[in-house]
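Heads up: numbering here begins at 1 and tracks the sequence. On a predicted model such as this, the values are computed, not experimentally measured, just so you know. Whatever order the structure lists them in is the order used to number ligands and atoms, beginning at 1. Every heavy atom of this structure was used, including side-chain atoms; hydrogens, water molecules and symmetry mates were not.
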Amino acid sequence: IVQWPFRATQRRKLNWVQLAGHKGNFKAADEGTILKKFSENEMQCFEKLRDDALLPFVPGYHGVVEKDGESFLHMTDLLANFDLPNVMDCKMGVRTYLEEELVRARERPKPREDLYRKMVEVDSEGPTPQEHTQRGVTKPRYMQWRETMSSTNTLGFRIEGIKKCDGTCRTDFKKTRSKQDVIQVFNDFVGGNFNLITSYLSRLTEIRQALKTSEFFKRHEVIGSSLLFIHDHTGNAQVWIIDFGKTTALPEGQMLNHDIPWQEGNREDGYLWGLENLIHTLESVSNN
Ligand code: ATP
Ligand code: MG
Ligand code: MG
């Protein structure tokens, strides 16, 4: 662990884009790098990825650093090589919570008004008559309901947010569910430039290939991880695998398929199934 000198240039601060997570979770760092709030789990993933087939598709990892008494994971800023990037965060998998989180949420399932309000905000008809009466929704109920609103359950991925080079930012995709909706969003994201779709597709195909050979992927429940899509006006288009905060190692000797349905207890995440759907969806963008 080293003390990190904090010297972000003004320009990088203005360009930095964060599409998910708490705002305080990231800090700018030395040229071309960023700091993400430390998590033991994510650190272990980065350590294990050091000699894995997925290494070319994850941000460079430069260890743990300390800043203002807090620990951070030091990693490559994926936006650094772009000029006014367009960025999309696509969260993979058929669920975005761990099985153990569901179990924990069930321990004291008291109706919560904050979750009730969050549900009504997305869909006033979300709560059952009883939930309306008590103005409360339990955590496990909320967690499972939320995944049915977006394309998480139906397609195995969902769009979390988009920031375009003109500065516009959208994170209101909680109800973007159908393949048609997703096609629209991608179409708008690339501004009708199908060369970008072609580049994205070839990168996704490489990622799929790497996932199929990755030892890390076989032995982890990959939850809440995203594919980060980035392109700019030069035609440069890349996709990266990010966010291992909830990616959890399976017990020794156990493996996942990643493309069979989740049933509570089997820990399947639907990652590969989602990627397959994502590829098919992108293939139909250019035919639209
Ligand atoms: P959550 O769990 O809510 O998704 P988080 O705190 O785990 O959030 P991430 O998902 O890792 O954070 O990152 C949040 C956002 O920050 C991403 O959507 C992306 O826009 C940006 N980001 C993360 N890592 C990088 C990186 N290495 N380079 C460039 N941008 C990044
Ligand atoms: Mg994330
Ligand atoms: Mg996360």
Open item on the list: For Asp51, give me all partners under salt bridge (charged side-chain N to carboxylate O under 4.0 Å, His left out), at least two apart in sequence or on another chain.
Closed with: none
- [ ] Identify whether the distance between the nearest side-chain nitrogen and carboxylate oxygen of Arg117 and Glu121 falls below 4.0 Å.
- [x] no
Open item on the list: Using only atom types and a distance under 3.5 Å, with no angle test, would you say the side chain of Lys246 pairs donor to acceptor with the backbone of Thr96?
Closed with: yes
Open item on the list: Among residues at least two apart in sequence or on other chains, which ones pass salt bridge (charged side-chain N to carboxylate O under 4.0 Å, His left out) with Lys37?
Closed with: Glu70
Open item on the list: For the Mg ion (ligand 3), which protein N/O/S atoms fall under 2.8 Å? Skip waters.
Closed with: Asp243 OD1, Asp243 OD2
- [ ] Run the ring-centre check on Tyr116 versus Tyr142 and record whether the distance is less than 6.0 Å.
- [x] no
Open item on the list: Would Thr234 and Asp232 count as a side chain to side chain donor-acceptor pair (under 3.5 Å) here? Give the steps.
Closed with: CA-CA 6 Å; Thr234 67; Asp232 66 16; 2.5 Å; yes
- [ ] Determine, using ring centers only, whether Tyr61 and His74 are less than 6.0 Å apart.
- [x] no
Open item on the list: I need the single residue from Leu227, Val182, Leu275 that forms a side-chain contact (heavy atoms from CB on, under 4.5 Å) with Phe157. Which is it?
Closed with: Val182
TODO: Assess whether side chain to side chain donor-acceptor pair (under 3.5 Å) is satisfied between Glu147 and Trp145, documenting all intermediate values.
DONE: CA-CA 5 Å; Glu147 315 286 53; Trp145 165 83; over 6 Å; no
Short N or O separations between ligand 1 and the protein, below 3.5 Å:
| residue | atom | partner | partner atom | Å |
| --- | --- | --- | --- | --- |
| ligand 1 | 2 (O) | Asp243 | OD2 | 3.2 |
| ligand 1 | 3 (O) | Gly21 | N | 3.2 |
| ligand 1 | 4 (O) | Lys91 | NZ | 3.3 |
| ligand 1 | 4 (O) | Asp243 | OD2 | 3.1 |
| ligand 1 | 6 (O) | Asn25 | ND2 | 3.1 |
| ligand 1 | 7 (O) | Lys36 | NZ | 2.8 |
| ligand 1 | 7 (O) | Asp243 | OD1 | 3.1 |
| ligand 1 | 7 (O) | Asp243 | OD2 | 3.0 |
| ligand 1 | 8 (O) | Gly21 | N | 3.4 |
| ligand 1 | 10 (O) | Asp243 | OD2 | 2.9 |
| ligand 1 | 11 (O) | Lys36 | NZ | 2.8 |
| ligand 1 | 18 (O) | Asp89 | OD2 | 2.5 |
| ligand 1 | 20 (O) | Leu19 | N | 3.0 |
| ligand 1 | 27 (N) | Thr76 | O | 2.9 |
| ligand 1 | 28 (N) | Leu78 | N | 2.9 |

